[in-house]
Amino acid sequence: MRANGWKRLAITAPTDDCGASMVTLNLAFSLARQLERRTIVAEVDLRRPSLAKTLRIKDRHQFSQVLAGEANLPAHASRPRPNLALATNHSNVRNPSELLQSTSIGPALAEIEQHFDPDLMIFDMPSMLKSDDTIAFMSHVDCVLLVAGAGASTLRQIDICEQELAAQSNVLGVVLNKCRYME
């Protein structure tokens, strides 16, 4: 990503329960160990937000308001480490597809980058085969990582998602998650 100048990474999965949100958080907390790197995790799964609950964040942040241009990032993000910000959604959003296709997204993301100068923005996306939300957002990222769940994702689902993503962005690869045995 550094070699290409990419700063915006989307993480998605073919279906729910592949562990894409956990991969997102693990990557973010791993990067936060590099004190010189500034990372922002932004929850864009507006139908089934889970990051605040997973991390037991009590604040009622609503990153969707930042995307809509109605609020600024500091009001809707937690800072578990000085170089890591987590922009979460306390509850689901009405009409997420419309918001993710709106013209407010580009300026909102540009403002975040201008004010906070993150080295990396990681977007926790919804699963691809449930809605068109992820594809609607792909024009705003530099690359995407697909998380497949062992026993949950079929090869056909992975192929379909990878082809759709490749038509919209740069695919970094596929992560096999929840694999208990390597036979």
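Residues: numbered from 1 along the sequence shown.
Looking at Pro118 and Lys7, their side chains never come closer than 4.5 Å, going by heavy atoms from C-beta outward. Within the 4.5 Å cutoff, the side chain of Asp117 has heavy atoms near those of the Arg38 side chain. Two residues are said to be in side-chain contact when any heavy atoms from C-beta on lie closer than 4.5 Å; Leu165 and Met128 meet this criterion. Leu99 is not listed as a side-chain neighbour of Pro96, based on a closest heavy-atom distance of 4.5 Å or more. Under the 4.5 Å side-chain criterion, counting only non-hydrogen atoms from C-beta, Leu146 is in contact with Thr12.
To the nearest 0.5 Å, atom CG of residue Leu9 and atom CE of residue Met121 are 11.0 Å apart. Between Ile105 atom CD1 and Leu67 atom CG the span is 4.0 Å, to the nearest 0.5 Å. Interatomic distance, CG of Asp132 versus CE of Met138, reported as 12.0 Å (0.5 Å rounding). Atoms OG and CD1, on Ser169 and Ile135 in that order, are 9.5 Å from each other to the nearest 0.5 Å. Between the CZ atom of Arg37 and the CG atom of Leu84 there is a distance of 12.0 Å, given to the nearest 0.5 Å. Here the straight-line distance linking atom CD of Gln34 with atom OG1 of Thr39 works out to 8.0 Å at 0.5 Å rounding.
Follow the hydrophobic side-chain contacts under 4.5 Å out from Ile122 and you never reach Val144; the two are in separate clusters. By the criterion of side-chain heavy atoms lying less than 4.5 angstrom apart, applied directly or through intervening Ile, Leu, Val, Met, Phe, Trp or Tyr residues, Leu46 is grouped together with Leu73 in one hydrophobic cluster. Taken together through direct or relayed side-chain contacts under 4.5 Å among Ile, Leu, Val, Met, Phe, Trp and Tyr, Ile11 and Val174 form parts of separate hydrophobic clusters. Side-chain heavy atoms closer than 4.5 Å link hydrophobic residues (I, L, V, M, F, W, Y) into clusters, and following such links, even through other members, never connects Ile40 to Leu86. Residue Leu129 is not grouped with residue Val171 when hydrophobic side chains (ILVMFWY) are merged at heavy-atom distances under 4.5 angstrom, including chains of intermediate members.
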Indicate every side-chain donor-acceptor pair of residues 150-161 with a distance under 3.5 Å to a residue at least two apart or in another chain.
| unit_1 | atom_1 | unit_2 | atom_2 | d |
| --- | --- | --- | --- | --- |
| Ser153 | OG | Gly149 | N | 3.0 |
| Thr154 | OG1 | Gln157 | N | 3.0 |
| Gln157 | OE1 | Thr154 | N | 2.9 |

Quiz: residues 22-30 side-chain donor-acceptor pairs under 3.5 angstrom, not counting sequence neighbours:
| unit_1 | atom_1 | unit_2 | atom_2 | d |
| --- | --- | --- | --- | --- |
| Thr24 | OG1 | Ala20 | O | 2.9 |
| Asn26 | ND2 | Met22 | O | 3.3 |

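A search for side chain to side chain contact (heavy atoms under 4.5 Å, CB included) contacts involving Ser21 returns Ser50, Leu51, Asp124, not counting sequence neighbours. For the side chain to side chain contact (heavy atoms under 4.5 Å, CB included) test, residues two or more places apart in sequence or in another chain that qualify with Ala75 are Asn72. Partners of Ser127 by side chain to side chain contact (heavy atoms under 4.5 Å, CB included), not counting sequence neighbours, listed by chain and number: Asp16, Lys130. Not counting sequence neighbours, Glu111 has no partner by the salt bridge (Lys or Arg N to Asp or Glu O under 4.0 Å) test. Shown here are the salt bridge (Lys or Arg N to Asp or Glu O under 4.0 Å) partners of Asp133, two or more places apart in sequence or in another chain: Arg47. A search for side chain to side chain contact (heavy atoms under 4.5 Å, CB included) contacts involving Asn4 returns Trp6, not counting sequence neighbours.
Between Asp119 and Glu36, the shortest heavy-atom contact is OD2-O, 3.6 Å. A pairwise comparison of heavy atoms in Pro126 and Val44 identifies CD-O, 3.8 Å as the closest pair. The heavy-atom pair separating Arg8 from Leu120 by the smallest distance is N-CD1, 4.5 Å. Of all heavy-atom pairs spanning Cys143 and Met1, the tightest one is SG-CE, 3.6 Å.
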- Task: Quick one: do Ser78 and Asp59 satisfy side-chain hydrogen bond (donor to acceptor under 3.5 Å, both in side chains)? Show the steps, please.
- Result: CA-CA 8 Å; Ser78 300; Asp59 297 323; 4.5 Å; no

Item to check | Chi angles and distances behind the side chain to side chain contact (heavy atoms under 4.5 Å, CB included) call for Lys178, Cys18 | outcome: CA-CA 7 Å; Lys178 298 186 176 188; Cys18 289; 6.0 Å; no

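For residues 88-105, the set of pairs meeting the salt bridge (charged side-chain N to carboxylate O under 4.0 Å, His left out) definition, not counting sequence neighbours, is empty. Pairs engaging residues 70-108 under the ring-ring contact (aromatic ring centres under 6.0 Å, His included) rule: none recorded [sequence neighbours left out]. The ring-ring contact (aromatic ring centres under 6.0 Å, His included) pairs that include a residue from residues 125-153 are Phe123-Phe137, Phe137-His140, where partners are two or more places apart or lie in different chains. Legend: ring-ring contact (aromatic ring centres under 6.0 Å, His included) pairs involving residues 40-69, not counting sequence neighbours: none detected.
By the 6.0 Å contact criterion, CZ on Arg2 is open, its count of non-hydrogen atoms from other residues, nucleotides or ligands being 12 or less.
Without hydrogens or angle criteria, Glu43 side chain to Asn89 main chain gives a donor-acceptor distance under 3.5 Å.
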